[in-house]
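Below is one structure, written out as structure tokens; the observations come after it.
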Amino acid sequence: MKFMKTLIEKIDRHQMDEAVLAKAGEILKNGGLVAFPTETVYGLGANALDENAAMKTYAAKGRPSDNPLIIHIADVEDLPIVARNISDKAKQIIERFWPGPLTLIFEKQYIVPFGTTGGLSTVAVRMPTDEIAKAVIRAGGGYISAPSANTSGRPSPTSAQHVADDFDGKIDMIIDGGNVDIGLESTILDMTVEPPMILRPGAITREMLEEVVGEVTVDVTLLVEDSGEAPKAPGMKYRHYAPKAELIIVEGETDDVIKAIRQIAYEQTRLGLKVGIIATSETESFYSNGIVKNIGTRNNENSIAKNLYRVLREFDEDDVSYIYSESFESGGIGDAIMNRLNKAAGHRVIQATDITDLQKYRRVLFVSQSDNCRGPMAAEILRNESLNQEYVIGSRGMVVLFPEPANQKAEAIMRSRQMTLAEHEATQLCEADLDEDTLVLTFEEAQKWKIVSHYENVKHVYTLGEYIDDERVVESSHGQPLQVYGERFELLRELIQKLAERLNEEAKNI
Ligand code: TXA
Ligand code: MG
């Protein structure tokens with residue numbers, strides 16, 4: 001497509017600049033393309049009654065021309081000009097939900113060119129709430145076709161910048177009205193069938209519609225992944241909203257999902273891959289590997305809807321190879337969120353427990369008498385080993401009265417090996433340390449038995465030697481000269497390397 005100058009104009013919703021609107025109107029009436037905000041996503045506007053303008057729209061988006069456009073109107077009185085057989089149910093729905101994020105399908109009037117409807121004899125119509133949208137529609141003659149203003153196959157735009165990223169130099173004008181309110185495209189409801197059928201979920205939910213007109217059905221292709229049928233909204237058959245990276249949804253209880261994503265991110269980061277994670281305000285702090293983006297709060301799914309496309313676009317810039325997304329609740333706008341997320345993921349979903357079931361231990365704790373020498377050394381050596389699985393590695397003492405730093409000779413030895421215990425503070429072993437997914441390793445037999453007899457829920461306590469099948473024991477160096485510390489360090493390192501191998505064996509199936 002040949003390069004053109006794209007006029008980009010900011011407009012204030014509460015005090016609209018008439019000159020900007022007049023310019024947009026003039027462009028639209030002359031068959032040009034003007035992108036503008038609506039409450040759902042930005043639309044790429046054109047005169048809906050002009051077949052050439054429709055062709056331009058398809059060309060700009062790179063969209064197949066059998067995928068019909070939605071006609072946007074600003075006044076209900078204009079509906080009968082483009083739509084026929086408007087039933088009483090339709091009138092009730094319009095009464096309740098227009099203007100708003102709801103598109104209705106009717107039989108089309110002759111005046112609507114087949115170019116706009118993708119050859120169909122039906123037409124999709126929507127009346128947006130957004131004041132800028134309404135003003136642009138009126139300025140442009142009242143009937144404005146507007147698909148989402150993104151290049152076909154990219155996430156829909158929720159800001160003018162997103163539109164410019166895709167269309168600067170390719171369309172006549174972009175009206176910048178700031179960030180959109182909802183962030184997902186309108187619900188599409190087919191009024192040519194009885195009962196009415198939802199073809200695309202959005203902010204107006206099935207429950208909301210049923211409250212007004214009784215039974216409403218849902219296109220089977222939205223419910224069943226391999227229904228074998230073609231979606232009734234032609235656009236829904238395409239893998240829309242596709243990010244550049246492979247997106248994978250991780251399903252399950254939030255706790256399991258976090259553990260599974262952590263593990264995957266850990267492994268893939270080790271392999272040198274750049275991994276993205278879609279998290280929420282509640283969960284983002286749990287991830288330590290990968291590029292983590294907060295998509296909103298689970299307390300308010302509207303915030304998630306609003307940020308979804310922006311986050312997907314940002315990951316395109318970050319150039320990650322894989323994106324792992326937490327999954328979200330169904331019901332309300334959650335259905336629309338999961339519908340878009342699933343489409344972006346090409347329906348790649350994994351169950352969190354399939355990953356977490358393979359992880360026997362998530363924590364390794366070394367227990368010594370006072371947690372200031374062998375324990376912290378072992379932990380730090382293990383942290384420096386190459387492990388297939390991510391563990392929280394730490395150390396504890398049987399009797400710790402103060403949070404003391406590590407023994408100075410131990411620190412001197414560690415430093416001579418490019419490691420340090422500078423951050424270490426001795427910590428008393430407690431009941432909560434002995435849970436199901438923690439491997440507890442002591443240095444001496446006596447310590448092991450003390451734990452077994454003094455604590456209640458003891459699950460996995462071994463001596464280090466027992467666990468790696470090696471009889472050598474690293475004794476306490478307390479009161480010994482530095483040289484002895486050095487010798488025992490070497491033995492400890494040898495044993496910890498064996499431990500790393502053993503743990504990697506254990507985690508091999510992941
Ligand atoms: O929220 C929205 O609806 C946004 C804003 C800009 O208004 N627009 C939007 O348009 O999402 P678009 O073109 O990206 O998606 C229109 C969807 C497509 O899936 C298309 O197949 C479907 O509406 N559609 C249009 N006319 C139809 C018809 N006559 N029968 C069935 N589906 C239709
Ligand atoms: Mg679209």
Side-chain angles (χ1 to χ4, degrees), residues 33-46 48 54 57-58 60-74 82-84 97-109 112-130 132-134 136-137 144-158 162-163 166 175 177 180-193 196-204 219 221-222 230-242 305 309 333 336 339-340 343-344:
L33 303 182
V34 177
F36 59 94
T38 83
E39 70 275 24
T40 57
V41 298
Y42 271 74
L44 180 56
T57 307
Y58 289 120
K61 274 182 67 84
R63 170 167 171 157
S65 58
D66 68 344
N67 187 0
L69 308 175
I70 297 172
I71 299 185
H72 293 61
I73 57 174
V82 289
R84 298 196 299 144
F97 297 110
W98 273 12
L102 176 67
T103 295
L104 299 174
I105 311 278
F106 298 104
E107 282 165 39
K108 81 172 190 68
Q109 292 284 17
V112 180
F114 283 108
T116 298
T117 67
L120 299 176
S121 58
T122 54
V123 63
V125 189
R126 161 159 133 77
M127 180 172 151
T129 327
D130 190 296
I132 300 174
K134 280 195 222 168
V136 172
I137 294 163
I144 301 298
S145 59
S148 49
N150 53 286
T151 305
S152 199
R154 292 213 66 202
S156 292
T158 56
H162 295 163
V163 180
D166 287 10
I175 296 180
V180 301
D181 209 30
I182 297 175
L184 298 178
E185 304 85 344
S186 60
T187 305
I188 301 180
L189 185 66
D190 187 352
M191 298 307 302
T192 69
V193 293
M197 184 188 280
I198 293 176
L199 309 188
R200 180 174 74 182
I204 306 294
D219 183 354
T221 63
L222 296 175
K232 305 240 169 6
M236 296 293 277
K237 71 174 177 267
Y238 300 104
R239 186 181 161 220
H240 271 207
Y241 329 114
Y309 289 139
I333 199 158
N339 168 266
R340 307 307 196 276
K343 280 161 70 73

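Order of appearance sets the numbers: ligands from 1, and atoms from 1 within every ligand.
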Task: Distance under 6.0 Å and angle within 45° of ring axis: Lys108 vs Phe114 - done: yes

- [ ] Dump the intermediate steps for side-chain contact (heavy atoms from CB on, under 4.5 Å) on Thr122 and Thr117, then the final yes or no.
- [x] CA-CA 7 Å; Thr122 54; Thr117 67; over 6 Å; no

Of all the atoms in ligand 1, which lie at a distance below 4.0 Å from a heavy atom belonging to [X]?
X: Ile188; answer: 17 (C), 22 (C), 23 (O)
X: Ser186; answer: 1 (O), 2 (C), 3 (O)
X: Leu120; answer: 28 (C), 29 (N), 30 (N)
X: Ala124; answer: 25 (C), 26 (N), 27 (C)
X: Lys232; answer: 31 (C)
X: Ala146; answer: 6 (C), 8 (N), 10 (O)

Open item on the list: Below a 4.0 angstrom heavy-atom separation, can you tell me which part of Asp190, side chain or backbone, both or neither, approaches ligand 1?
Closed with: neither

TODO: Mind checking whether Met197 contacts ligand 1 via backbone (N, CA, C, O), side chain (CB onward), both or neither, at a 4.0 Å heavy-atom cut-off?
DONE: neither

Can you confirm, on distance only, whether ligand 1 has an N/O atom lying under 3.5 Å from any N/O atom belonging to [X]?
X: Thr122; value: yes
X: Lys61; value: no
X: Glu185; value: no
X: Tyr42; value: no

Task: No-hydrogen, no-angle side-chain donor-acceptor test under 3.5 Å, Ser148 and Glu185 - done: no

Open item on the list: Assess, by modelled atom type and distance only, whether the side chains of Arg63 and Thr57 contain a donor and an acceptor separated by less than 3.5 Å.
Closed with: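 No, no side-chain donor-acceptor contact under 3.5 Å.
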
Open item on the list: I want to check something: taking the side chain as every heavy atom from C-beta on, are Pro128 and Ser186 in contact at a cut-off of under 4.5 Å?
Closed with: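 No, their side chains stay 4.5 Å or more apart.
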
Task: Sub-4.5 Å side-chain heavy-atom contact between Arg340 and Pro201 - done: yes

Open item on the list: In this structure, does ligand 1 have an atom that sits under 4.0 Å from one of the heavy atoms of Thr117?
Closed with: no

Open item on the list: Tell me whether ligand 1 is touched by Lys108 - counting only heavy atoms on the residue side and a distance under 4.0 Å.
Closed with: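 Outside the 4.0 Å threshold, so no.
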
Task: Shortest non-hydrogen contact from Ala83 toward Gln109 - done: O-NE2, 3.3 Å

- [ ] Taking all non-hydrogen atoms of both residues into account, name the closest pair between Leu189 and Leu102 and its distance.
- [x]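 Heavy-atom minimum between the residues: CB-CD1, 4.1 Å.
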
Task: side chain to side chain donor-acceptor pair (under 3.5 Å): pairs with one or both residues in residues 35-46, sequence neighbours excluded - done: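 Every pair satisfying side chain to side chain donor-acceptor pair (under 3.5 Å) with a residue in residues 35-46: Thr38-Thr40, Thr38-Arg126, Glu39-Arg126, Glu39-Thr129, Thr40-Arg126.
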
Open item on the list: Quick test of your reading of the model: are Asp166 and Arg154 salt-bridged, counting only N-O distances below 4.0 Å?
Closed with: yes

Open item on the list: Quick check on the Mg ion (ligand 2): does Ser148 put an N/O/S atom closer than 2.8 Å to it?
Closed with: yes

Open item on the list: Judged on heavy-atom distance to atom 26 (N) of ligand 1, which of Ala35, Gly43, Pro68 sits nearest?
Closed with: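 When every heavy atom of Ala35, Gly43, Pro68 is considered, Pro68 comes closest to atom 26 (N) of ligand 1.
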
